[in-house]
Amino acid sequence: MSTQWKKRNASQATPKVVVLGGINRDYVILGQRLPRAGETVLGQELLVGPGGKGANQAVGAHRLGAEVSLIGAVGSDATGEALLQGLTEEGVDVSHVSITSKSVSGTALILVDSTGEKMIGTVVGANRHVTVAQVRKARRVIEAADVLLLQFEIPMPALREAARLAYRAGVTVILDAGPPIKSPEILWQHIHILRANATEAEALSGLRIRDERTSRRAGATLLKRGLQAVILPTEQESDLMLWNGSEAILPWFQVKTVDATGAGDAFAAGLAVGLGEGLSLIEAGRLGSAAAALKITRKGAQAGMPTRQQTHHLLLTLPQGGS
Ligand SMILES: Nc1ncnc2c1ncn2[C@@H]1O[C@H](COP(=O)(O)OP(=O)(O)O)[C@@H](O)[C@H]1O
Ligand SMILES: [Mg+2]
């Protein structure tokens, strides 16, 4: 398998991952089912905790063994302070997170049903204020990284600049394409690997994923944008990895769903850490898959992120796709 996206100094003990992404506070209500428009449903439990795809992936990558720097923004409010403190306690470097008085900290309201299906409303808030200048200030950190991990919670100019700097420095650039947006064509030339869920893949490719065949078709369309690899769900409890005319299926682990929030973030974190360590795409995908499976067995987008030891244990004891 080609490993062209691997950085020059792979196979090191501690990979360096830089995440440019959203930092939010999540309010999660766990209930039996999701409401219809205009309806009120009773929830069983309220969880208030840190979230945002960027922060989730940063914490996930650190727990899986990477040195992690997060670039982002929080509001100059009590929430922002608490979010920064939480990230610091987790071991994530937040020296490139700005604090803005222009907006409140990013906030997400999440409803989760008993099957793990969810509905989310968010206020972008401070995340909107991440600038190109801020990214340039973090240039040395970006260029020294093994992997740069991006999502769409940050303004496009900042994402583009970070991807460009990283790509030119030989850093592997991974885009986790949430929340769903239409095609930012100009970004593609500096992305190596795209990971998207079905909604995101449809927004980007215009193709609906229903099964393995349609996932392959959407993946092939996205690969043509110059990407080296694409990872999409099949909607049949597996993910499909496509690269260079090759492909692999990652069957999901059979685990009990407690809270699916952040599963995709755990996957992205595992993929980033694995590739940063110099693992093959398939091995890194398996690490991501194990991290995602463990995440959904535990509550909280960040609190539920597994450690490397836990993913190791799952990979040894529970065969992927087995029960
Ligand atoms: N049981 C499981 N085993 C392996 N991977 C899983 C499992 N459940 C979920 N995943 C992973 O999590 C991903 C969900 O991603 P996504 O829909 O983006 O979630 P999120 O909204 O948390 O980002 C799946 O595509 C898959 O890669
Ligand atoms: Mg996702």
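Values below: every heavy atom of this structure, side chains too, minus hydrogens, waters and symmetry copies. Order of appearance sets the numbers: ligands from 1, and atoms from 1 within every ligand.
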If you have a sec, work out which protein heavy atom is nearest [atom] and how many Å separate them, to one decimal?
| atom | value |
| --- | --- |
| atom 11 (C) of ligand 1 | Ala292 CB, 3.5 Å |
| atom 20 (P) of ligand 1 | Gly264 N, 3.5 Å |
| atom 21 (O) of ligand 1 | Lys118 NZ, 3.3 Å |
| atom 2 (C) of ligand 1 | Trp252 CB, 3.5 Å |
| atom 13 (C) of ligand 1 | Arg195 NH2, 3.2 Å |

Do any nitrogen or oxygen atoms of [X] come within less than 3.5 Å of a nitrogen or oxygen of ligand 1?
| X | value |
| --- | --- |
| Asn197 | yes |
| Glu200 | no |
| Phe253 | yes |
| Gly262 | yes |
| Ile296 | no |
| Asp239 | yes |
| Ala263 | yes |

Open item on the list: What's the separation between atom CG in Leu207 and atom CZ in Arg217, rounded to the nearest 0.5 Å?
Closed with: 7.0 Å

Are [X] and [Y] within salt-bridge range, i.e. N to O under 4.0 Å?
| X | Y | answer |
| --- | --- | --- |
| Arg164 | Glu161 | yes |
| Glu117 | Arg33 | no |
| Asp146 | Lys16 | no |

Open item on the list: Just to verify, which of Thr214, Leu242, Asp239, Ile209 counts as forming a side-chain contact (heavy atoms from CB on, under 4.5 Å) with Leu232?
Closed with: Ile209

TODO: Using a 4.0 Å heavy-atom cut-off, say whether Ala196 meets ligand 1 through its side chain, its backbone, both or neither.
DONE: neither

Open item on the list: Does Ile29 form a side-chain contact (heavy atoms from CB on, under 4.5 Å) with Leu46? I'd like the steps, not just the answer.
Closed with: CA-CA 5 Å; Ile29 293 181; Leu46 172 69; 4.0 Å; yes

- [ ] State yes or no: do Leu83 and Ile110 share one hydrophobic cluster built from I, L, V, M, F, W and Y residues joined by side-chain heavy-atom distances below 4.5 Å, directly or via other members?
- [x] no

TODO: Within a distance under 4.0 Å of any heavy atom of Ala260, pick out the atoms of ligand 1 and give their elements.
DONE: 22 (O)

Open item on the list: Out of all atoms in ligand 1, which are within 4.0 Å of some heavy atom of Phe267? Include the element for each.
Closed with: 27 (O)

Task: Enclosure of Gln236 CD (heavy-atom neighbours >12, cutoff 6.0 Å) - done: yes

Open item on the list: Is it true that Ser95 and Asp93 share a donor-acceptor pair across their side chains at a distance under 3.5 Å?
Closed with: yes

TODO: Could you check Ile71 against Ile154 for side-chain contact (heavy atoms from CB on, under 4.5 Å), going step by step and ending with a plain yes or no?
DONE: CA-CA 10 Å; Ile71 307 170; Ile154 292 300; over 6 Å; no

